[in-house]
Amino acid sequence: MALIKEAKEILKGIKSLFVGMKITGKYMVAPKLTVNYPWETVGKEALEGFRMVIQLVPVPASGTSHKCVACGMCARSCPSNCIKLDVKQTVEEIELPDGKKKKKVNRELQGFYVDFSLCSLCGLCVESCPTKTLAFSNYPYIVGTKRDEFVYDILKEFNERYGKEQKDGA
């Protein structure tokens with residue numbers, strides 16, 4: 001009886017070995033999924049559905065402005081606390097038709113800083129934006145050697161991409 005048990009165990013081990021070799025062989029002949037960066041890059045078709053750093057969206061799609069109202073919902077909803085807004089706030093008094101005066105607060109976005117060394121790409125900032133100004137980019141090549149190289153001013157990048165001039169305070 002012991003000899004039969006040993007033979008069954010050996011056959012079970014050989015079968016397990018061949019199952020593992022079959023899986024290894026299948027992946028050995030399959031096309032590779034990695035690239036040798038920076039000498040090779042990924043094509044755009046492979047990046048469909050890929051989400052990386054957030055960016056400001058132009059409105060309309062071919063326009064050169066964005067709809068960010070500097071409300072700060074993105075920064076408040078971020079669990080990693082990696083979003084910082086630089087907002088210039090001015091208060092002006094306006095007179096209503098009935099003669100009463102009312103204070104109006106104007107908020108202007110001066111800087112939109114995101115620390116991608118802390119960002120978990122959860123998407124809560126994109127989802128919470130009331131004007132839908134934020135979206136994920138599909139640019140995968142975020143590279144740096146120091147931690148401070150991962151702090152991006154996405155407003156500055158937006159202005160550079162769409163040709164807007166920086167204001168004096170920015």
Side-chain angles (χ1 to χ4, degrees), residues 27 31-98 100-170:
Y27 282 103
K32 65 178 185 172
L33 300 174
T34 58
V35 294
N36 190 10
Y37 182 78
W39 297 280
E40 298 175 33
T41 57
V42 178
K44 284 195 175 215
E45 66 280 348
L47 295 174
E48 289 299 318
F50 178 77
R51 65 183 206 182
M52 190 56 181
V53 297
I54 59 172
Q55 63 184 4
L56 291 172
V57 177
V59 177
S62 61
T64 59
S65 63
H66 57 82
K67 291 194 297 186
C68 182
V69 293
C71 65
M73 285 297 294
C74 52
R76 285 193 294 278
S77 68
C78 180
S80 304
N81 198 26
C82 64
I83 299 175
K84 305 286 184 250
L85 299 177
D86 183 11
V87 180
K88 180 181 176 185
Q89 187 168 319
T90 57
V91 179
E92 65 177 284
E93 278 193 19
I94 57 172
E95 192 169 325
L96 298 174
D98 60 354
K100 294 181 181 177
K101 291 187 177 184
K102 182 180 177 182
K103 290 184 180 180
K104 180 180 176 187
V105 179
N106 296 318
R107 299 172 59 87
E108 184 181 344
L109 190 63
Q110 301 290 311
F112 195 119
Y113 304 98
V114 183
D115 186 352
F116 287 109
S117 67
L118 299 174
C119 182
S120 61
L121 300 174
C122 66
L124 291 176
C125 56
V126 175
E127 293 295 321
S128 68
C129 182
T131 60
K132 302 299 179 207
T133 298
L134 294 177
F136 283 108
S137 72
N138 62 353
Y139 181 73
Y141 306 112
I142 305 299
V143 182
T145 57
K146 297 181 204 127
R147 188 172 180 175
D148 61 334
E149 292 176 0
F150 293 100
V151 178
Y152 287 77
D153 183 357
I154 63 173
L155 178 64
K156 180 181 173 188
E157 290 178 7
F158 179 86
N159 290 337
E160 288 171 358
R161 189 176 332 126
Y162 295 105
K164 282 189 145 188
E165 292 295 321
Q166 286 286 311
K167 295 191 172 145
D168 292 324

Query raised in the report: In Å, rounded to the nearest 0.5 Å, how long is the span from CD1 of Ile54 to SG of Cys78?
Result: 8.0 Å

Query raised in the report: Around atom NZ of Lys88, are there more than 12 heavy atoms of other residues, nucleotides or ligands at under 6.0 Å?
Result: no

Report summary line: Output for pair (Lys100 NZ, Ile94 CD1), nearest 0.5 Å, gives 13.5 Å

Report summary line: On a heavy-atom basis, the closest approach of Ile154 and Leu56 is O-CD1, 4.0 Å

**Report entry** Glu127 side chain vs Gly123 backbone, donor-acceptor pair below 3.5 Å
**Finding:** no

Report task. Mind listing the closest non-hydrogen atom pair of Glu95 and Lys101 along with its distance? Result -> OE1-CE, 4.3 Å

Query - Heavy-atom side-chain proximity of Lys103 to Val105 below 4.5 angstrom - result: no

Report task. Take atom CZ of Arg51 as the centre, draw a 6.0 Å sphere, and report whether it contains more than 12 heavy atoms from other residues, nucleotides or ligands. Result -> yes

Query raised in the report: So do Ile142 and Val53 actually touch side chain to side chain, heavy atoms under 4.5 Å?
Result: yes

Query raised in the report: Nearest heavy-atom pair of Leu109 and Leu155: which atoms, and what distance?
Result: O-CD2, 3.6 Å

Requested in this report: Evaluate the criterion side chain to side chain contact (heavy atoms under 4.5 Å, CB included) for residue pair Thr90 and Lys104; output intermediate values, then yes/no.
Outcome: CA-CA 8 Å; Thr90 57; Lys104 180 180 176 187; over 6 Å; no

Query raised in the report: Is there a donor-acceptor pair closer than 3.5 Å between any side-chain N or O of Arg76 and the backbone N or O of Cys71?
Result: yes

Report summary line: Between Cys68 and Thr133, the two heavy atoms sitting closest are N-OG1, 3.3 Å

Report task. Check the pair Gln89, Asn106 against side chain to side chain donor-acceptor pair (under 3.5 Å), reporting the backbone distance first and the verdict last. Result -> CA-CA 6 Å; Gln89 187 168 319; Asn106 296 318; over 6 Å; no

Report task. Would you please indicate if the ring centroids of Phe116 and Tyr152 are separated by under 6.0 Å? Result -> yes

Report task. Of all the heavy-atom pairs spanning Met52 and Leu121, show the shortest one and how long it is. Result -> O-CD2, 3.3 Å

Query raised in the report: Does a side-chain heavy-atom distance below 4.5 Å link Thr64 with Pro58?
Result: no

Report task. Please tell me if the side chains of Met73 and Cys129 come closer than 4.5 Å, counting only heavy atoms from C-beta onward. Result -> no

Query raised in the report: What pair of heavy atoms forms the shortest contact from Val59 to Lys67, and how long is it?
Result: CG2-CG, 3.6 Å

Query raised in the report: Which distance, rounded to the nearest 0.5 Å, do you find between the SG of Cys74 and the CZ of Phe112?
Result: 3.5 Å

**Report entry** Separation of Tyr113 OH from Lys84 NZ (nearest 0.5 Å)
**Finding:** 12.5 Å

Requested in this report: Quick one: pull up NZ in Lys146 and OG in Ser117 and give me the separation to the nearest 0.5 Å.
Outcome: 14.0 Å

Query raised in the report: So do Leu134 and Val57 actually touch side chain to side chain, heavy atoms under 4.5 Å?
Result: no

Report task. Drop me the distance from His66's NE2 to Phe158's CZ, to the nearest 0.5 angstrom. Result -> 5.5 Å

